[in-house]
Amino acid sequence: MNILTFDIEDWFHILDNDSTRTEKEWRLYESRIYANMERILNLLDDTGIKATFFCLGWIAEKYPEIIKNIVNKGYEVGSHTYMHQLIYEQNPRVFSKDIERSIKTLEDISGQKIRCFRAPGFSIREDNRWIFDILCKLGITIDSSVFVAPRSHGGFASYKAGIPAIIQYDGIRLKEFPINYTNILGNRFVYSGGGYFRLLPYFCIKKWAKKSSYVMAYFHPRDFDKDQPVIKNLSLRRKIKSYIGISGAYNKLKKFLNDFEFVDIDSADKLIDWDNARVITV
Ligand SMILES: [Zn+2]
């Protein structure tokens, strides 16, 4: 099962960096979301592939046509929070308010019930697993934020599986669609989205995806925007992560969508026998 997802944010929604941290800074940059969304939606039109779009409430409020366009084309909308902050830097009260605002905004504009969620930067860690409780209370039944490999913004090692499973936490249950990985010399290695996808040669991605029974592909509009400005004072590490491989990424994505069959999360959810799925207590 291969699942296609996009996190809908603008090119300047870069985490872990002072000059792109909050709305105050975002106002200083030009938006490139329309052209970048058109590129993605045209490609999906051409291929007929369905995808799930995890959208920022901030984008929805500012550019409701973006969300309406996604919905009118028959795609599923999920929440990527409202303000795109690292969740482990928030407390439960702040996170709860943010996600509630995001769900309400997205539901009002899309007319869809929002039931899927992805954390910015996959920032669910062992120390902020309270997030699952809040998601459940707000009607989210599917999460796609667990990153089971080591990562600067999180990494949730105790999940111990690169496949969908039921997360059980403090009396609640949630369906989890984690990021998948391949094992190389005993290390978990992610390849199917963002900077990893842009950086790695396509023949490796293709080889690993062929071997895998589950692939969670995740992209952002900025992953394919080779004309986007470069934020000046980024750390070298963040600069590499944010800008590497952009020029070839769109053609790589075309090949990926051509070589594999993809479904959205809604279809994947129906294909899984959840009654017999693995249950992971976290
Ligand atoms: Zn994001």
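As the structure lists them, so they are numbered: ligands from 1, and atoms in each ligand from 1.
Geometrically, Arg129 does not engage Tyr169 in a cation-pi contact defined by less than 6.0 Å to the ring centre and at most 45° from the axis. Both the sub-6.0 Å distance and the 45° axial angle are satisfied by Arg101 relative to the ring of Tyr82. Geometric assessment of Lys252 against the ring of Phe197 yields a positive cation-pi assignment under the 6.0 Å and 45° thresholds. Annotation: cation-pi geometry satisfied between Arg222 and Tyr243 (NZ/CZ under 6.0 angstrom from ring centroid, within 45° of ring axis).
Remark: the backbone N or O of His13 is not paired with any side-chain donor or acceptor of Asp10 at under 3.5 angstrom.
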Could you walk me through whether Trp274 and Asp269 pass side chain to side chain donor-acceptor pair (under 3.5 Å), step by step?
CA-CA 8 Å; Trp274 289 105; Asp269 178 35; 2.8 Å; yes
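Excluding water, every protein N/O/S atom under 2.8 Å from the Zn ion (ligand 1) is given here by residue and atom: Glu9 OE1, His80 NE2, His84 NE2.
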